[in-house]
Amino acid sequence: MALSENGAAMVGNIENLVTLTSGQYTTGSLILMVSYGAHFAFILYFLMTSMQLAPRYRIVPVLSAIVMASAGLSLLREFSTWQAAYEFAGGVYTPLADGETFTNAYRYGNWTITVPILLTQLPIAFALSRPDLHKRALRMSIPALLMIWTGLYGQFGETGDFSRLNIWGVISTLFFVWLIIEVRGVISAAIANSPPSLVAWPKNIWWYFLATWGLYPIAYALPQLGFNGDVVVVRQLLFSIADISTKLIYGVILSRYVLRRSALEGYVPAAEALETSPLGSKIASARGD
Ligand code: RET
């Protein structure tokens, strides 16, 4: 399908330019469905796990539950738009000429809510002092929002205006670098402030942060590899792996960390939650481990 430059610019994302095989279409549906399903299901996990924590840390998984609800709704919307944007004829899925178009721009809108929350969880979990916490949350949120909004503007170039995609991609990356420096500041404060037995956690969370947040710019740049079904599906897959890693698994890691901190600080329900059960240790000794 040959589309003029203007026609391409009008449809926003490459999903609307590419005919998909039924395998590609179904894989795309499945990726989005698994993503929103996982986010919704983990609302329960985060709310329940907050009950085991010392009061000062309970807000950490509660914030994860909010992120799960917000991202789950956004991904559900992506899923239903995906389903509405193609027509099945002649054994392939073709983007509709009129009517619904698919867009990834909703994701960027959603990050505007979730990213500042995800960042604020860090200094709370690491028990930084309250004034320091407020200052650092703000200093991380400013470059993060500028990164997202410049990226949102740039991603509209992906259907043909690659100079727009790349120029705004570079500007967005500069804000990302600024954000990384701010996050590093929080991690260094966390290492200085950490109980010795937990000092590996902030160090590992730092590498985890870089590896998982770094997936988003790759997904952003991907349309330059070509407008075809594989790129469309691989990009949705990258977004989903990134979403589940930066929100869900990240939330689980922070919840386990604050559970250990709660126990170390003498909060009995947290210590009990971490205790190996008497039955568990009997089974272990019977097995000889
Ligand atoms: C963009 C544009 C291209 C350059 C860079 C980007 C970075 C995006 C990131 C997004 C993180 C989102 C998260 C969402 C969780 O809900 C905007 C794609 C560097 C890092 C963590």
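Side chains included, hydrogens not; waters and symmetry mates left out as well; all remaining heavy atoms used. Counting starts at 1 for both ligands and their atoms, following the listed order.
- For the residue pair Asp161 / Ser163, a side-chain donor-acceptor distance below 3.5 Å is found, with atom types taken as modelled.
- Each of the following atoms of ligand 1 lies closer than 4.0 Å to a heavy atom of Thr114: 15 (C), 16 (O).
- Aromatic ring centres of Tyr93 and Tyr25 lie closer together than 6.0 Å.
- Side-chain contact check for Glu158 and Asn104: no donor-acceptor pair (N or O, by modelled atom type) lies under 3.5 Å.
- Residue-level proximity to ligand 1 for Val115 is carried by the side chain, the only part with a heavy atom below 4.0 angstrom.
- Note: an N/O pair closer than 3.5 Å links Lys247 and ligand 1 by distance alone.
- With a 4.0 Å heavy-atom cut-off, ligand 1 is reached by no atom of Asn110.
- The neighbour count for Arg184 CZ, taken as heavy atoms of other residues, nucleotides or ligands under 6.0 Å away, is above 12.
- The part of Phe176 lying near ligand 1 is the side chain, judged by heavy-atom distances below 4.0 Å.
- The nearest protein atom to atom 8 (C) of ligand 1, hydrogens excluded, is given as Tyr216 CB, 3.6 Å; this is a heavy-atom distance.
- The hydrophobic cluster containing Phe102 does not contain Tyr106, counting ILVMFWY residues as joined when their side-chain heavy atoms lie under 4.5 angstrom apart, directly or transitively.
- The distance from ligand 1 to the heavy atoms of Leu118 drops below 4.0 Å at these ligand atoms: 15 (C), 16 (O).
- Atoms of ligand 1 lying under 4.0 Å from at least one heavy atom of Gly169, given by number and element, are 4 (C).
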Could you check Phe126 against Tyr257 for ring pair (Phe, Tyr, Trp, His ring centres under 6.0 Å), going step by step and ending with a plain yes or no? CA-CA 9 Å; Phe126 292 136; Tyr257 172 73; 5.3 Å; yes
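- Two different hydrophobic clusters hold Leu44 and Val60 under the rule that ILVMFWY side chains link at heavy-atom gaps under 4.5 Å.
- The heavy atom nearest to atom 2 (C) of ligand 1, out of those in Ala221, Ala242, Ser172, is found in Ser172.
- Counting atoms of ligand 1 from 1 in the listed order, those under 4.0 Å from a heavy atom of Thr246 are 15 (C), 21 (C).
- Side chain to side chain, Gln236 and Glu15 meet the donor-acceptor criterion of an N or O pair below 3.5 Å.
- Aromatic ring centroids of Trp82 and Phe79 lie 6.0 Å or more apart.
- For atom 7 (C) of ligand 1, the closest non-hydrogen atom of the protein is Met147 SD, 3.8 Å.
- Each of the following atoms of ligand 1 lies closer than 4.0 Å to a heavy atom of Tyr220: 2 (C), 3 (C), 18 (C).
- The nearest heavy-atom contact from the protein to atom 14 (C) of ligand 1 is Trp111 CD1, 3.4 Å.
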